[in-house]
Amino acid sequence: MGYNVYVAQRIPDESIRLLEAECETVEVNPHDRPLTRAEFLKAIRGRDGLLCLLTETVDEEALDAAVGVRGIANYAVGFNNIDVAACTRRGIPVSNTPGVLTDTTADLAWALMFAVARRVVEGDRMVREGRFTGWGPLMILGTDITGKTLGIVGGGRIGRATAARAAAFSMKTLYYSRQRHPEIEAVGAQYRLLDDLLRESDYVSIHVPLNKETIHLISARELALMKPGAFLINTARGPVVDEKALVAALREGRIAGAGLDVFEREPELEPGLADLENVVLLPHVGSATVETRIKMGNMAATNLLAMIRGEEAPNCINPEWKNFRK
Ligand code: DGY
């Protein structure tokens, strides 16, 4: 008891109550927006624990501000917002929320695939704006999904869940990863090198974490390898795709379309992206269902409580922090 934790954005009440049951102070960002950097650095001083999100960059400067912090729980499966090596060097454990958002995010990758291939957003706009004046055989023609080839970039949990759904649409499924993953092959995905996957796929869906190796993994060269009728779906992290190159490829019709839930400089958009009809854009909602956000909150809270008690968090991503324990 006597613990003092900071929560960087409002999360489900149930998860806050878990924290309150064990902590003396649970302070939550009172704004309906992410904190500014200055607000964040001020808010995290003197805390035992920090529950943060991908909107907060936890780097050396933040760790200097949060001196004495005993654990950092990220409310996300991705943790590219955190300098994990710096945390480890300072003997600070860090956790994430794996597993609970896998299906929800895979579902959204499919929602984007359908939305862009079947021009769902354009059709909705047409009806609302009174431009639907009668059924027409050549009106809003889309592209089939059933029977086509889906290429998954990344062989982890979300890639596997996305691949597993392809069987329902009789698709051939390919995947690329730095190493082979028997689990995704077990749901029918065949391994390909990235260039081959890009050449063969009608739909390419990105499911890799963001790190030094994956920044701009899909750039002008890779987009040029895709079929002219292919679609790119990204529910992973924006910087995996070179957005300038993507806008050029879409504008020039070098690929058919894109469904994007994440952006290179979120929440900013690459100039020109929003003017294109052949893209569907979402505000990073891959894990945004009531059920999943509660599970993520409870998982992050459980991790944080373990860390501030000095126990191993169930989802610790840097167990070697103990070697540097102060
Ligand atoms: C994650 O978990 O990494 C998502 O991007 C946010 O849910």
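Start at 1 and go down the list; that is how both ligands and their atoms are numbered.
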Atom pairs and distances, side-chain donor-acceptor, residues 288-304, under 3.5 Å, sequence neighbours left out:
unit_1, atom_1, unit_2, atom_2, d
T289, OG1, T292, N, 3.1
T289, OG1, T292, OG1, 3.1
T292, OG1, T104, OG1, 2.6
R293, NE, S287, O, 3.2
R293, NE, S287, OG, 3.1
R293, NH2, S287, OG, 2.9
N298, OD1, S15, OG, 2.8
N298, ND2, E14, OE2, 2.7
T302, OG1, N298, O, 2.6
N303, OD1, N315, N, 2.9
N303, ND2, N96, O, 3.3
N303, ND2, M299, O, 3.0
N303, ND2, N315, OD1, 3.1

Original post:
Counting heavy atoms not belonging to R165, are there more than 12 under 6.0 Å from its CZ?
Top reply: yes
Is there a polar contact between ligand 1 and [X], counting only N or O atoms under 3.5 Å apart?
{"X": "A236", "result": "no"}
{"X": "V77", "result": "yes"}
{"X": "R237", "result": "yes"}
{"X": "R293", "result": "no"}

Original post:
Is R10 salt-bridged to D32, cutoff N-O under 4.0 Å?
Top reply: no
**OP:** Have a look at Y203 and tell me which of W110, F169, F231 forms a ring pair (Phe, Tyr, Trp, His ring centres under 6.0 Å) with it.
**Re:** F231
**OP:** Kindly compute the distance separating CD1 (I158) from CG (D107), expressed to the nearest 0.5 Å.
**Re:** 11.0 Å
Original post:
Going by the atom numbers of ligand 1, which of them fall below 4.0 Å from some non-hydrogen atom of G78?
Top reply: 1 (C), 2 (O), 3 (O)
**OP:** Looking only at non-hydrogen atoms, find the nearest pair between R309 and E311 and report the distance.
**Re:** NH1-OE1, 2.9 Å
**OP:** Would you mind checking which non-hydrogen protein atom is closest to atom 7 (O) of ligand 1, with the distance to 0.1 Å?
**Re:** S287 OG, 2.6 Å
Original post:
For atom 6 (C) of ligand 1, what's the nearest protein heavy atom and its distance?
Top reply: L54 CD2, 3.6 Å
Original post:
With a 4.0 Å heavy-atom cut-off (strictly under), which part of L101 contacts ligand 1: side chain, backbone, both or neither?
Top reply: side chain
